[in-house]
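Naming: A, B, ... by sequence-line order, numbering from 1 per chain. We use all heavy atoms of the structure for the numbers below, so side chains are in, but hydrogens, waters and symmetry mates are not.
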Protein chains: 2
Amino acid sequence: MALTGSPAGTEHLRRQNTGLVLRSLRVDGPATRTELARRTGLAKATVGSIVGELESGGAVTENGTASTTTVPSGRGRPGKPVTLTGEAILGLGLEVNVDYVAAVAIDLSGRVKVVETRPVATAGRPPSATELVELATDVRSSLIASGHTVVRATVAVPGLVAHDNRTVSWAPNLGWNGRELAAELEHAFAGGCPTTIDNDANCAALAEASHGVAVDVEDSLYLTGTIGIGAGIVQRGTLLRGGAGFAGEVGHMPIGDPTATCGCGRLGCWEASIGLRAMLTAVGMDEQATPLQTATAVADRAASDDSVRTALAALGGHLGRGIATLAAVLDPSAIVLGGYFVPLGEHVVPAAQQVLAERLPSADIHLPEIRLSTLGIHAAALGAAEHALADVFTGAVPL
Amino acid sequence: MALTGSPAGTEHLRRQNTGLVLRSLRVDGPATRTELARRTGLAKATVGSIVGELESGGAVTENGTASTTTVPSGRGRPGKPVTLTGEAILGLGLEVNVDYVAAVAIDLSGRVKVVETRPVATAGRPPSATELVELATDVRSSLIASGHTVVRATVAVPGLVAHDNRTVSWAPNLGWNGRELAAELEHAFAGGCPTTIDNDANCAALAEASHGVAVDVEDSLYLTGTIGIGAGIVQRGTLLRGGAGFAGEVGHMPIGDPTATCGCGRLGCWEASIGLRAMLTAVGMDEQATPLQTATAVADRAASDDSVRTALAALGGHLGRGIATLAAVLDPSAIVLGGYFVPLGEHVVPAAQQVLAERLPSADIHLPEIRLSTLGIHAAALGAAEHALADVFTGAVPL
DNA sequence: TGACTTAATTCAGGTGTCGTACTAAAACAG
DNA sequence: CTGTTTTAGTACGACACCTGAATTAAGTCA
């Protein structure tokens, strides 16, 4: 246990309480100052001061008219509800992958302001970062031109990200090893914009926890599957990273069919049993343009073909065994399936849930729920944007 | 993601900075006020004020003489180093098990002040809590009589502990289900002493991270083995609990020999391959009074018996496979083996480490180290005591 | 129109941190 | 032996923040 923590001054206090107010507005919606004081436990005077600052900073607005949200309660002076608009304050989320780059910008209230995807021509060569940098600077410039401020940016990367959240340690799909991606982007952003990077599964997990099907729980596990399998772990509302930042690399756990050969050369890796390729050979079908299209085609076939359904159920069993392992270790309240599992949900989840119920040691006490992601292809970028704003809500960033 | 956080006033600030000073003194040793200011980043005046308070509270003392710790650097007025003595301020750690109860008290500097163990006569009946309560009140009374203050108490329990850290959800060995143990103890403590409970593996993990072989890392995994297998997970210096507090229940992960029958009735549980019973049948020996004695006898036999050595190496392989799984999920910097694995260390660790190196996806980048616990039988109680003091160091508790 | 009720702001008081100036205690130079 | 230099610790004023009570604002109801 090394030394942690930093000195705290009075302005740190203010930031913390500001974060508290912002979180309350986001989680429980608009409220009057008095109501906010009740929610947060702060004194009315303090809330008044904080709201005043936020208002002049453009983070919140007094909706003088549409006070229909809270019942006026009849008597007394009616309060003016304060709403988290924060249209001016944006978090920029970026995603880089082998065949596309994407950008999502959200404002403080969580509203998505911009979504943009650009294909990347991968002529066999490992992709450069130029497309990413171009997209990022383009989106940011146009946002700034329209009067917004981009407080932070985060990039979701398919690979291992170092613990400093600035370096790509190992991204075999991209061929980026030890790349200082955060510094590159910061250099490209005129005027400066603090930038971090994170694993794509981590970002998607964050997206599910903040906007998706895991909003109601504090501890969740996100599982994404395409050719490889990756996990993002949210514990107490924050991402679990591990000593080197490599937590959640669950694809090569020895689970499932012990004789299956994995792309990594070893035997018995989980993704050799439940990865896209394994699924395709099990159902006897071919790969299509994208994992999602492939999975949708398989789901269509399953509607008519019994053997496909049995193969998928068997895959669901392997999936459930791995989930049981993860659940025993992490005890999440909800497990979210993303990636190619989404179209196949109805065919794999029941089998997985059943295995989970059988295998979980504390099943009689506590059984986590398996849910399907609804966020679609931009989950990782959305989570990255959310991550970019996270420091605002904790109060680490001023305005 | 639900609403989290609480309002912060100025006195909260002081507690936080006090915690910072205390942690610095503990982690990096005694220091002068100026040195503390440099370490923590606080202003000299602030440190002076905080140290003054701590001194009058009995947490630290000015060792006027033994200033040999820091080199006087020649010139200038020599500083008076401040040492974390805190002899008056104690954390009480308790452990309850099927055949004994134990108590450990440590002071702020981490020095162990009291260790006491009492056997429990289990005449087949599930043990009551009377022995625990008696031991706890006895130890606490005598400490108070000798002028100490017991700030907090924590009980390590072999079983599932609810997320509130006050209720035993499920402890089959003790037959305690849904027992409000924390409340019972608080009721027994005259004058009141905030009490929490926690899983024994969690406590032992904390002990290793604060006093044992994992002091140098922030993320560690503790694995204890007797008849069952349990894990304690430390991430960023704090325990990982999970949504219901059941994280770390790794004994029944489907890993190892898939045909082995587990005590829980299922097939292929990890502890059916590496638990004490499995180990004994593998080496063909009988159980003795305690798991540690049993393991020591096996280790003795291994010195002369080749077949025992091979059996243990095979067990080490199963151990390694499970560790590889856990390491892939959690990415710990160190893995600590406790329980009956300690005497068998030289026979199982090499095989486990080899499997780990083979199976870990990021082996070329980052390979966690497997270490053997050195804390002995009182690890859980020591960790519980550490846990009891944790709130002092975070600043959540005044004095 | 006036009493009542509730929202929001103002104001004084307390606590905390910080930087500067000041005092204290040593080594060193002459 | 005295004065200078250097560093440790403290005293003090300025500033920021939170809080509770008093005050003002803005409605409803009789």
Checklist outcome for this item: Rounded to the nearest 0.5 angstrom, the CZ-CD distance for A:R236 and A:E218 is 7.0 Å
Item to check | Under 3.5 Å side-chain donor-acceptor pair for A:T196 and A:T154 | outcome: yes
Next on the checklist: Measuring to OP1 and OP2 of D:dA8, would you say a side-chain N or O of B:T32 lies under 4.0 angstrom away?
Outcome noted: no
Checklist entry - Does the side chain to side chain contact (heavy atoms under 4.5 Å, CB included) test come out yes or no for A:F393 and A:L108, once each step is laid out? => result CA-CA 9 Å; A:F393 286 103; A:L108 279 186; 3.9 Å; yes
Check nucleotides 21-25 of chain C for protein N or O atoms closer than 3.5 Å to its own N or O atoms and list the pairs.
residue, atom, partner, partner atom, Å
C:dA24, O4', B:R77, NH1, 3.4
C:dA24, N3, B:R77, NH1, 3.3

Checklist entry - Between atom CD in B:Q16 and atom P in D:dC17, what is the gap in whole Å? => result 16 Å
Next on the checklist: Suppose we screen for side-chain hydrogen bond (donor to acceptor under 3.5 Å, both in side chains). Which residues come up paired with A:T167, at least two apart in sequence or across chains?
Outcome noted: A:D164
Checklist outcome for this item: In whole angstroms, the gap separating C1' of D:dG9 from CZ of B:R38 amounts to 17 Å
Item to check | Residues which pass side-chain hydrogen bond (donor to acceptor under 3.5 Å, both in side chains) with A:S146, listed by chain and number, not counting sequence neighbours | outcome: A:H148
Checklist entry - Any side-chain heavy atom of B:V234 sitting closer than 4.5 Å to one from B:L239? => result yes
Checklist outcome for this item: note: A:E62, atom CD; D:dA25, atom C1'; distance rounded to Å ~ 13 Å
Checklist entry - side-chain hydrogen bond (donor to acceptor under 3.5 Å, both in side chains) with B:D198: which residues, sequence neighbours excluded? => result B:N202, B:R241
Please enumerate all protein N or O atoms sitting under 3.5 Å from an N or O of nucleotides 16-18 of chain C, with distances to 0.1 Å.
residue, atom, partner, partner atom, Å
C:dT17, OP1, B:N17, ND2, 2.8
C:dT17, OP2, B:R14, NE, 3.0
C:dT17, OP2, B:R14, NH2, 2.5
C:dC18, OP2, B:A43, N, 3.1
C:dC18, OP2, B:T46, OG1, 3.0

Report all side-chain donor-acceptor pairs from residues 43-52 of chain B shorter than 3.5 Å, counting only partners two or more places apart or in another chain.
residue, atom, partner, partner atom, Å
B:S49, OG, B:R14, NH1, 3.2
B:S49, OG, B:R14, NH2, 2.8

